[in-house]
Amino acid sequence: MNLTPVLRAEALKVLTLRSLCGTLLALAVVTTAFSALAGSSDASDPDFDPLFTALSGVMPGQIAAIAFGALVVSSEYQGNGIRLSLAAVPQRGRWFAAKLAVIAVPALLVGLATALAALLAARAGLGTAADGLTAGEQVRGVVGCGIYLMLMALFAAGLTTLFRSGVATLSTLIPFILVVSFVIGDAAGTAADFLPDKAGQIVLYRTHDGTPGPWTGLAVTALWAAAALLAGFWRLRRRDA
């Protein structure tokens, strides 16, 4: 079977499941709302970073991106739907590639639109405190934010394929990002910049003192996502549906 009909079938699954569309809507609403609230922060703080403040809504919003990636894959394991999918598309690599495409493209497009909306909403509240931001910095923040959200969705998709469970992925990844990552960050110093979430979030800062730069940090997150996807594909290939 050619890749095109497989892509259509996988896209149809995403469009017809309300929970998946709902997670993308939650991503946009939560990220924009929290960034708008952050726009009222105190700009006199010596650690104030106008770009990160404007895009800080991605911290809670990324949970929805993770949930989207996990749910797209875990829906296949409910009611043994994976058996029907692999019976229709015996080439597991082709099926997996189509599944990742329908995760990456919507997550990226929604992520870019959300980042732009969050930036504009926060700038309205920041006023003159954000006047120092250059056009290049803002473009980098918006584009980087969209790519980061896409990579986190793919990271979750890889782990879900490995665990064969969305619950296992969410119960592992979300506590790690919300709790463990901060604890390790305080204890490990600059080494924490190479954690999957911390590395990718560097692109959201106007300036950063750590080793990785904005795009290098995204590359680190991409490596984490690639490792999870390879591990997931390895299990998909080796285990019966």
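Between Tyr77 and Ser165 there is no side-chain heavy-atom pair separated by less than 4.5 Å. Annotation: side chain of Phe176 is in contact with side chain of Leu195 (closest heavy-atom distance under 4.5 Å). Side chains of Asp193 and His208 form a contact here, defined as non-hydrogen atoms less than 4.5 Å apart. Counting heavy atoms from C-beta on, the side chains of Thr221 and Met150 never come closer than 4.5 Å. Between Leu24 and Pro106, some side-chain heavy-atom pair lies under the 4.5 Å cut-off.
Thr169 contributes atom OG1, which lies 10.0 Å from atom CD1 of Ile66 (distance to the nearest 0.5 angstrom). Atom CG of Leu17 sits about 9.0 Å away from atom CG of Leu71, to the nearest 0.5 Å.
Tested against Ser85 for a side-chain hydrogen bond (donor to acceptor under 3.5 Å, both in side chains), the candidates Lys99, Glu76, Arg92 yield a single pass: Glu76.
Within a 6.0 Å radius of CH2 in Trp224, no more than 12 heavy atoms belonging to other residues, nucleotides or ligands are found. Crowding of Phe163 atom CZ: a count of heavy atoms from other residues, nucleotides or ligands under 6.0 Å exceeding 12.
The two residues Leu154 and Leu100 make their nearest non-hydrogen contact at CD2-O, 3.8 Å. The two residues Lys13 and Leu20 make their nearest non-hydrogen contact at O-CD1, 4.2 Å.
Glu137 has no carboxylate O lying under 4.0 Å from a charged side-chain N of Arg140, or vice versa, which leaves the two without a salt bridge.
With hydrophobic clusters built from ILVMFWY side chains whose heavy atoms lie under 4.5 angstrom apart, Leu149 does not share a cluster with Val29.
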